[in-house]
Visitor: 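Here it is, the structure, as structure tokens.
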Amino acid sequence: MEELSGGRKSAIYRDDEVVYRPLQSWSSTIHLILKHLEQENVEESPKFLGINQDKEILSFVAGNTYNYPLVGAITTNKALMSAGGLLRKIHDSTVSLLDQLDVNAHQWMLEPREPFEVICHGDFAPYNVALLENTVVGVFDFDTAHPAPRIWDLAYSAYCWAPFKTDSHDKLGTISEQVARAKLFCDSYGATESEREQLADAMVQRLQALVSFMRSEAENGNSSFADNIEQGHLQSYLNDIEYITENKNKIQHALGN
Ligand SMILES: Nc1ncnc2c1ncn2[C@@H]1O[C@H](COP(=O)(O)OP(=O)(O)O)[C@@H](O)[C@H]1O
Ligand SMILES: [Mg+2]
């Protein structure tokens, strides 16, 4: 059994074509989503295969994986465009599940946010996808999935892929390059005029929600979030909120069609 890096330490293991991940209180909800995506022929997502004691068993999604700082295939326009297209495909596929789901009867890691347009992945970032050459062919880590408007996921993904990050380890390119990448992501997603207009504000709101979530998890004794805050990740999000706010006009101007 091989430990998979790129996420939590000592938590995710691979055995040939299968991945073992820790079961959480919301896992049964995520399994419903993964089963639905399989029925809808979204071959890019892991299949739910079963449960073994305190682990969920998922199919291994083949491909190369990346993390910040973004270097190589993950920085190409082709990767960006295929990512935007895949996010759209996942969102569209979840509409029929949401129609038949009583959102409040299920547990979620991240709080559902109205209006419930789609089920958002919740962390559709370069470190949660798999590539073959320059094309995104897979996505994993659905724990953060939750019902929300499309813009909620589009905003966080554009933030991660542009990326509008200021941390010296995570940053890539100039503001002009970042807004051009955000536009390409929105174009590939097929974002509406109204979604483009809302994007900068939605990125800020999404990051504020993330900061509140990290604080409340840490206060409730979740040590990995306390460590995260200790390591300066929360401060980085606050810095990025400031950066996006300062550049709001540039972002909005560039995103328009
Ligand atoms: N189904 C999967 N197929 C392929 N790789 C996976 C799969 N699940 C997880 N991984 C790998 O394990 C790493 C950590 O798993 P992930 O599900 O992202 O958990 P975390 O919540 O800790 O980020 C990922 O970055 C990826 O490289
Ligand atoms: Mg991950």
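For ligands, and for the atoms within them, numbers begin at 1 and follow the listed sequence. For reference, positions follow the sequence shown, starting with 1. Heavy-atom basis, side chains included; hydrogens, waters and symmetry copies ignored. The shown structure was predicted, so the numbers you read here are calculated from the model rather than taken from an experiment.
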Visitor: State whether the shortest distance between N or O atoms of Val61 and N or O atoms of ligand 1 falls below 3.5 angstrom.
Guide: yes
Visitor: Given salt bridge (charged side-chain N to carboxylate O under 4.0 Å, His left out), test Lys171 with Asp240 step by step and report yes or no.
Guide: CA-CA 10 Å; Lys171 67 189 293 191; Asp240 297 346; over 6 Å; no
Visitor: I need the contact type for Ile12 against ligand 1. Using non-hydrogen atoms and a strict under-4.0 Å cut-off, is it side chain, backbone, both or neither?
Guide: side chain
Visitor: Only heavy atoms of Pro46, strictly under 4.0 Å: list the atoms of ligand 1 that pass.
Guide: 1 (N)
Visitor: Do the side chains of Asp123 and Leu110 get nearer than 4.5 Å, heavy atoms only?
Guide: no
Visitor: Compare every heavy atom of Met109 with every heavy atom of Phe213, then report the nearest pair and how far apart it is.
Guide: CE1-O, 3.6 Å
Visitor: Relative to the heavy atoms of Tyr127, which atoms of ligand 1 are at a distance of less than 4.0 Å?
Guide: 25 (O)
Visitor: Give the contacting part of Phe140 toward ligand 1: side chain, backbone, both or neither, where contact means a heavy-atom distance below 4.0 Å.
Guide: side chain
Visitor: Applying a 4.0 Å heavy-atom criterion (strictly less than), which segment of Ala11 is in contact with ligand 1: side chain, backbone, both, or neither?
Guide: neither
Visitor: Between Tyr189 and His91, what is the ring plane arrangement, given parallel below 30°, perpendicular above 60°, and tilted in between?
Guide: perpendicular
Visitor: Does Asp143 come within less than 4.0 angstrom of ligand 1, counting non-hydrogen atoms of the residue?
Guide: no
Visitor: Side chain, backbone, both or neither: which part of Arg21 has a heavy atom under 4.0 Å from ligand 1?
Guide: side chain
Visitor: Please confirm whether the ring centroid of Phe142 lies under 6.0 Å from the ring centroid of His121.
Guide: yes
Visitor: What atoms of ligand 1 come within less than 4.0 Å of a heavy atom belonging to Asn128?
Guide: 18 (O)
Visitor: Determine, using ring centers only, whether Phe140 and Phe60 are less than 6.0 Å apart.
Guide: no
Visitor: Under 4.0 Å, counting heavy atoms only: does Ala62 come that close to any atom of ligand 1?
Guide: no
Visitor: Determine the minimum heavy-atom distance between Val129 and Pro126, stating which atoms define it.
Guide: CG2-O, 3.6 Å
Visitor: Between the side chains of Lys183 and Asp187, is the shortest nitrogen-to-carboxylate-oxygen separation below 4.0 Å, so that they form an ion pair?
Guide: yes
Visitor: Regarding Tyr127, does it place an N, O or S atom less than 2.8 Å from the Mg ion (ligand 2)?
Guide: no
Visitor: Please name the atom of Asp141, restricted to N, O or S, that is closest to the Mg ion (ligand 2).
Guide: OD2
